[in-house]
Colleague: 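I am attaching a structure below and will ask some questions about it afterwards.
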Amino acid sequence: ALFQRRARGLVLTVAGRRLHEAVTMGLGHIAGTAAELRRIRRAGELTVSTSVSFANYWLMSRVAKFRAAYPEVQLRLVASSPVRDLTASGIDLAVRYGRGRWDGVKAIHLLDNHVFPVCAPSYMARRRPLQSITDLLDETLLHLVEYDRNWVSWEAWLSAMGVLAPPRGPGLEFDNYLVLTQAVLDGQGIALGGGRLAEDFLARGTLIRPIEALLRSDKSFYLLIPTDQPMSEQARAFHDWILAEARERTV
């Protein structure tokens, strides 16, 4: 018998506790071995984890320069939700957005960030120039549903600017930053953009800032390095490259 029925439920017998300990030890050994196997790299392989948005709107336009400088490195990009245990997931380096505090990693500041309104030139071509922040209340505002605690909503941004936003009027809502960005590029309205994710669009002129107001974010992009594994030569190369690339960016 592994269990005894009590008034408040089941409890383990002595035999049940012994089996529980054995199973726990076995599963722990399996998990540890699996993590160790995932850490085994092919020669020159490097795995970097970022968010989908950062990979799509900042990293991909620059990564060709890294590959040209280090053609021997087999780069693998993992663009997904945050991974808690980088080493166990086979990840050498990661880029995350936050305040620089994560367990089990060394966080190196990469890029500051600002949040400001952006739109397509085609949208403003049929509108009068905005003279003040309150003029935004008469525009079609594109909203990102607050599924991400890092995201700044229109209500929060306007409040920080000293403007009380009325109840949300007609507009568009999205639950995905990539889809939101495409709607902005299509001229469907004005959205809040992260300065680092929008800087290439602004440089090309495919997006513009209809008003100069901006909110300096208290969060930044960081390069994360696992502290429970040595940094490989290829990870060091990427580390040095992306920090140098970040220093070339202007606010």
Side-chain angles (χ1 to χ4, degrees), residues 1-42 45-56 59 74-110 113 143-156 159 167-168 173-180 194 197 217-232 234-235 238-239:
L2 302 180
F3 303 96
Q4 287 182 341
R5 186 175 298 279
R6 298 286 178 83
R8 295 185 177 182
L10 299 176
V11 296
L12 291 172
T13 62
V14 173
R17 287 195 296 272
R18 290 183 60 191
L19 183 60
H20 177 267
E21 292 172 359
V23 170
T24 300
M25 291 176 61
L27 291 176
H29 180 69
I30 292 171
T33 302
E36 187 65 31
L37 291 173
R38 281 195 292 269
R39 288 196 288 268
I40 297 175
R41 300 283 192 275
R42 292 179 296 172
E45 186 176 81
L46 172 67
T47 301
V48 177
S49 170
T50 78
S51 68
V52 174
S53 298
F54 186 84
N56 199 52
L59 185 58
Q74 178 64 38
L75 180 61
R76 175 173 174 259
L77 293 178
V78 178
S80 62
S81 300
V83 179
R84 292 189 176 183
D85 191 334
L86 301 183
T87 301
S89 300
I91 293 170
D92 297 286
L93 299 169
V95 176
R96 293 288 181 263
Y97 185 65
R99 294 189 174 92
R101 296 187 294 272
W102 292 272
D103 294 331
V105 298
K106 177 182 178 182
I108 300 176
H109 181 270
L110 192 62
N113 196 40
H143 301 266
L144 186 67
V145 177
E146 294 180 64
Y147 69 97
D148 187 340
R149 62 185 179 185
N150 290 321
W151 184 252
V152 178
S153 67
W154 269 113
E155 289 80 7
S159 177
R168 189 171 298 183
E173 293 186 356
F174 304 87
D175 67 352
N176 183 289
Y177 187 80
L178 274 65
V179 180
L180 170 73
L197 302 184
S217 177
D218 62 346
K219 298 178 182 179
S220 302
F221 291 96
Y222 288 84
L223 180 65
L224 306 190
I225 305 169
T227 56
D228 58 353
Q229 65 179 0
M231 189 182 299
S232 65
Q234 52 268 28
F238 189 89
H239 165 279

Colleague: I'd like to check the side-chain contact (heavy atoms from CB on, under 4.5 Å) partners of Ala235; sequence neighbours left out, ordered by chain and number.
Modeller: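 In terms of side-chain contact (heavy atoms from CB on, under 4.5 Å), with neighbours along the sequence ignored, Ala235 is linked to Leu46, Asp92, Leu93, Met231, Ser232.
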
Colleague: Which atom pair, heavy atoms only, marks the closest approach of Pro226 to Leu224?
Modeller: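 What the structure gives for the nearest pair is CD-O, 4.0 Å.
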
Colleague: Output all residues satisfying salt bridge (Lys or Arg N to Asp or Glu O under 4.0 Å) with Asp218, sequence neighbours left out; order by chain, then residue number.
Modeller: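 Salt bridge (Lys or Arg N to Asp or Glu O under 4.0 Å) check on Asp218 returns Arg99.
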
Colleague: Between atom CZ of Arg76 and atom OG1 of Thr47, what is the distance when rounded to the nearest 0.5 Å?
Modeller: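 Output value for this atom pair is 4.5 Å.
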
Colleague: Measure across Ile225 and His239 and return the closest heavy-atom pair with its distance rounded to 0.1 Å.
Modeller: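 Smallest interatomic distance, heavy atoms only, reads CD1-CD2, 3.7 Å.
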
Colleague: State the OG1-CZ distance between Thr13 and Phe3, to the nearest 0.5 angstrom.
Modeller: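 That separation rounds to 8.0 Å.
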
Colleague: Could you work out, with ring pair (Phe, Tyr, Trp, His ring centres under 6.0 Å) as the rule, every residue matching His109, not counting sequence neighbours?
Modeller: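 Per chain and number, His109 pairs via ring pair (Phe, Tyr, Trp, His ring centres under 6.0 Å) with Tyr222.
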
Colleague: Compare every heavy atom of Ser49 with every heavy atom of Ile91, then report the nearest pair and how far apart it is.
Modeller: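 Nearest pair, atom of Ile91 first, then Ser49: CD1-CB, 3.6 Å.
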
Colleague: Using modelled atom types and a 3.5 Å cut-off, is there a donor and acceptor pairing between side-chain atoms of Thr24 and backbone atoms of His20?
Modeller: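 Confirmed, Thr24 side chain pairs with His20 backbone.
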
Colleague: So which heavy atom on Val52 is nearest to which on Ala79, and how close?
Modeller: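 That would be CG2-O, 3.7 Å.
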
Colleague: Could you pull out the closest heavy-atom pair between Glu173 and Val145, with the gap in Å?
Modeller: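 Closest approach of Glu173 to Val145: OE1-CG2, 4.1 Å.
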
Colleague: Who passes side-chain hydrogen bond (donor to acceptor under 3.5 Å, both in side chains) against Arg6, sequence neighbours left out?
Modeller: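 By the side-chain hydrogen bond (donor to acceptor under 3.5 Å, both in side chains) rule, Arg6 matches Gln4.
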
Colleague: Taking side-chain hydrogen bond (donor to acceptor under 3.5 Å, both in side chains) as the definition, give me every residue that meets it alongside Ser217, ordered by chain and number, with sequence neighbours left out.
Modeller: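 Counting only residues at least two positions away or on another chain, Ser217 forms a side-chain hydrogen bond (donor to acceptor under 3.5 Å, both in side chains) with Tyr97.
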
Colleague: Rounded at 0.5 Å granularity, tell me how far CG in Leu86 sits from CG in Asp228.
Modeller: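 One finds 8.5 Å between CG of Leu86 and CG of Asp228.
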
Colleague: side-chain contact (heavy atoms from CB on, under 4.5 Å) with Val23: which residues, sequence neighbours excluded?
Modeller: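 Val23: side-chain contact (heavy atoms from CB on, under 4.5 Å) contacts with Leu19, Leu27.
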
Colleague: Just jot down the side-chain contact (heavy atoms from CB on, under 4.5 Å) partners of Arg18, sequence neighbours excluded, or say none.
Modeller: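 Arg18: no side-chain contact (heavy atoms from CB on, under 4.5 Å) contacts found.
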
Colleague: Within the side chain of Glu45, is there an N or O that forms a donor-acceptor pair under 3.5 Å with the backbone of Gln74?
Modeller: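 Judged by distance alone, no pair lies under 3.5 Å.
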
Colleague: Ignoring hydrogens, what is the shortest heavy-atom contact between Tyr177 and Gly194? Give both atom names and the distance.
Modeller: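 So the two residues come closest at OH-N, 3.7 Å.
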
Colleague: Which residues pass the side-chain contact (heavy atoms from CB on, under 4.5 Å) test with Val95, sequence neighbours left out?
Modeller: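 Checked Val95 against side-chain contact (heavy atoms from CB on, under 4.5 Å); matches are Thr50, Phe54, Leu110, Phe221, Leu223, Ile242.
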
